[in-house]
2 protein chains.
Amino acid sequence: MLSQKITIVGSGNWGSAIARIVGKTTVEHKEFDSKVLMWVYEEIINGRKLTEIINTEHENVKYLPGKKLPANVIAVPDLRAACESSDVLIFVIPHQFISNVCKQIAGHIKTGAHGVSLVKIREKPHSVLRNIINAQQQTKGLMNSKKGGIRLVSEEIHDILGIDVSVLMGANLAPEVANDDFCEATIGCKGSAETRSMLKKLFQTENFRINVVRDAHTVELCGALKNIVACAAGITDGLGYGDNTKAAVIRLGLMEITKFVEHFYPGSNLQTFFESCGIADLITTCYGGRNRKVCEAFVKTGKSIKELEISLLKGQSAQGPLTASEVNEMIKHYGMSAKFPLFAAVDEICNGAMQPAELINCLRDHPEHL
Amino acid sequence: MLSQKITIVGSGNWGSAIARIVGKTTVEHKEFDSKVLMWVYEEIINGRKLTEIINTEHENVKYLPGKKLPANVIAVPDLRAACESSDVLIFVIPHQFISNVCKQIAGHIKTGAHGVSLVKIREKPHSVLRNIINAQQQTKGLMNSKKGGIRLVSEEIHDILGIDVSVLMGANLAPEVANDDFCEATIGCKGSAETRSMLKKLFQTENFRINVVRDAHTVELCGALKNIVACAAGITDGLGYGDNTKAAVIRLGLMEITKFVEHFYPGSNLQTFFESCGIADLITTCYGGRNRKVCEAFVKTGKSIKELEISLLKGQSAQGPLTASEVNEMIKHYGMSAKFPLFAAVDEICNGAMQPAELINCLRDHPEHL
């Protein structure tokens with residue numbers, strides 16, 4: 001594996017933060033071509049093309065202002081031209097664009113290319129899990145199939161492009177990563193030892209520490225399901241409960257995540273939940289994230305989630321209530337509500353069918369306590 | 001197992017909160033004698049005996065004022081009289097009194113009695129782990145012994161009284177438990193299924209939810225080691241790092257806890273770290289606890305831990321720096337410093353040998369990232 005060519009598909013806040021890392025590692029390790037291509041959706045900023053600004057001033061003035069990009073990161077406005085010769089395609093665009101972008105490059109990428117999804121689940125109209133329900137509704141009886149109808153972003157990319165896809169997740173928000181703060185990330189990669197080692201070299205810097213694990217699905221699902229738990233934590237905060245009640249709620253939420261993953265992807269490794277994508281991302285989301293904040297305000301003010309998204313999140317959507325709704329639909333469909341009382345309660349509370357104060361009642365006879 | 005007699009050995013804040021629970025469950029379940037004895041170290045409060053106040057007004061006015069104790073909880077000032085007929089002895093006294101109390105009742109308890117330690121590691125001059133070092137120093141070469149010289153509170157009770165001892169730990173501070181807030185606890189019990197079932201009935205109420213696991217040592221060790229991680233979290237806060245850096249530090253701390261437990265008690269169950277005694281207690285301690293608070297102030301003010309204990313904790317000791325010191329001594333003794341860089345760094349920083357800003361440097365090459 002010599003001189004692997006790298007393309008970053010996306011150039012938003014998170015994509016630009018990652019470009020700062022990959023631009024550095026590809027220079028440091030000789031197995032990479034140090035010229036990194038970054039596909040940039042062309043925009044005109046103050047009369048100049050964004051790609052031109054990036055390629056001359058080495059700064060994404062729109063999405064990551066104030067932070068220099070390495071000079072070896074080259075902005076390319078043409079999607080196919082950016083991807084066609086590369087060995088590693090790093091997808092870091094909002095979820096709703098994944099399908100369209102993949103279809104544009106399908107048939108125009110290198111045989112044996114490897115995909116890496118860094119797609120975070122936020123600010124998008126429908127989450128990954130919406131696909132699960134669609135799949136279920138189209139194919140009733142999937143419950144007994146191995147995967148139970150789940151379709152993840154990595155699978156979406158794989159299905160369209162026919163390439164192996166790894167994922168990178170964890171407690172690492174773009175601003176802190178761009179600031180070179182010490183953070184960790186988890187890469188889920190089912191590939192060979194050689195691929196795992198290559199990915200670690202590609203993403204690990206002094207301040208961005210990588211663990212590579214094999215059960216990629218666990219890594220990816222943790223990222224979606226944590227937001228439901230953060231809603232429960234926010235409801236607990238809104239109700240004025242203390243630290244220990246909140247800790248119990250977070251723990252029970254984590255247990256539901258592990259059970260959900262195990263049901264739909266049997267054989268997940270318990271150790272993976274101890275990685276950055278698991279407990280670390282869950283903790284930050286339950287203490288600092290927007291889902292927590294919105295749900296706390298939901299309880300305290302009685303305003304709707306929609307109203308609060310406008311007033312508290314500047315119109316961005318809180319992913320947790322959406323994901324809770326999709327998961328609740330799914331567990332009802334499979335008759336599994338009793339196994340996931342926290343997931344179900346968060347949906348019922350956010351959609352107004354249940355009083356927030358009922359949350360704790362739903363947890364008293366949690367299957368974890370039986 | 002009919003009509004088990006219960007004694008609570010201790011009547012402080014935590015003991016009184018537990019008396020409210022056990023007083024209730026022993027009435028609800030017919031396998032218990034509903035008369036619960038509580039050993040109370042006699043004190044004179046406003047000219048009256050504390051035992052007399054408890055037995056007439058059903059309130060521990062000194063240690064849990066404002067909360068009623070069930071009328072079936074009977075305060076007994078004589079230690080032997082309180083313990084001699086009981087089947088279950090619940091130890092809930094400060095650690096420094098354990099040895100003395102056990103010696104007083106040794107030879108005067110029922111054959112086959114079962115002990116439960118609820119001893120929390122705080123406000124005491126020397127922690128559990130001090131015993132580890134002493135044991136090591138007395139018996140060099142213990143490294144290769146199965147237990148590595150560790151001596152826990154439960155083992156101390158067992159060794160003096162010759163009875164089986166379970167432990168109850170978790171994210172459950174006395175004020176929240178006494179307030180009937182929803183909390184969880186973990187019981188570590190190596191005994192029979194019958195004993196485990198009995199203990200669950202004895203401690204579980206609607207708002208105090210119990211899981212019983214077998215590896216009692218893990219349960220007990222988590223309670224001591226979490227305080228070191230909370231110090232690291234506090235140092236991170238003091239340095240002004242963001243949520244993701246803090247999450248990484250907490251996660252790496254948890255990994256060191258699992259490795260430490262596994263080294264000294266091989267065969268621990270990974271699942272136990274997901275219990276209340278594990279992640280839940282760790283989270284509350286790292287976000288709300290006194291060790292976090294003192295270490296944050298230590299970094300921000302430059303004052304010594306001792307000064308801060310006086311000004312911030314009203315003279316109570318922060319257990320984390322003490323435990324870190326003992327653990328660091330131990331891992332140095334065994335040549336294992338490289339495996340526990342966070343534990344070692346917390347000690348070095350708290351004792352002034354290292355600058356707080358060095359913490360992150362110590363974590364970059366953490367064995368978890370290799």
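Chain letters run A, B, ... following the sequence lines, proteins first, then strands; residues in each count from 1.
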Novice: Please flag which part of A/Leu370 lies under 4.5 Å from any non-hydrogen atom of chain B: side chain, backbone, both or neither.
Specialist: backbone
Novice: List the atom of A/Phe274, the atom of B/Arg251, and the distance in Å for their closest heavy-atom pair.
Specialist: O-NH1, 3.0 Å
Novice: For the CZ atom on B/Arg196, are there more than 12 heavy atoms of other groups (residues, nucleotides or ligands in this structure) within a distance under 6.0 Å?
Specialist: yes
Novice: Between CG of B/Asp243 and SG of A/Cys183, what distance do you get to the nearest 0.5 Å?
Specialist: 10.0 Å
Novice: Using the rule given for side chain to side chain contact (heavy atoms under 4.5 Å, CB included), can you reason through B/Thr284 versus A/Lys246, listing the C-alpha separation, both sets of side-chain angles and the distance that settles it, and then say yes or no?
Specialist: CA-CA 8 Å; B/Thr284 53; A/Lys246 183 170 175 177; over 6 Å; no
Novice: Show your reasoning for whether side chain to side chain donor-acceptor pair (under 3.5 Å) applies to A/Glu184 and B/His369.
Specialist: CA-CA 9 Å; A/Glu184 294 186 307; B/His369 299 141; 2.5 Å; yes
Novice: Do B/Ile250 and A/Ile283 make a side-chain contact, defined as non-hydrogen atoms from C-beta onward lying under 4.5 Å apart?
Specialist: yes
Novice: Rounded to the nearest 0.5 Å, what separation is found between the CG atom of A/Asp181 and the OG1 atom of B/Thr236?
Specialist: 11.0 Å
Novice: Would you check if the side chain of A/Glu206 reaches a backbone N or O of B/Arg364 as a donor-acceptor pair within less than 3.5 Å?
Specialist: no
Novice: Would you say B/Thr258 and A/Gln271 make side-chain contact, with heavy atoms under 4.5 Å?
Specialist: no
Novice: Does the ring center of B/Tyr287 lie less than 6.0 Å from the ring center of A/Tyr287?
Specialist: yes
Novice: Is A/Arg209 paired with B/Glu368 through a side-chain N to carboxylate O contact shorter than 4.0 Å?
Specialist: no
Novice: Could you measure the distance from the CG atom of B/Leu173 to the CG atom of A/Asn244? Nearest 0.5 Å is fine.
Specialist: 4.5 Å
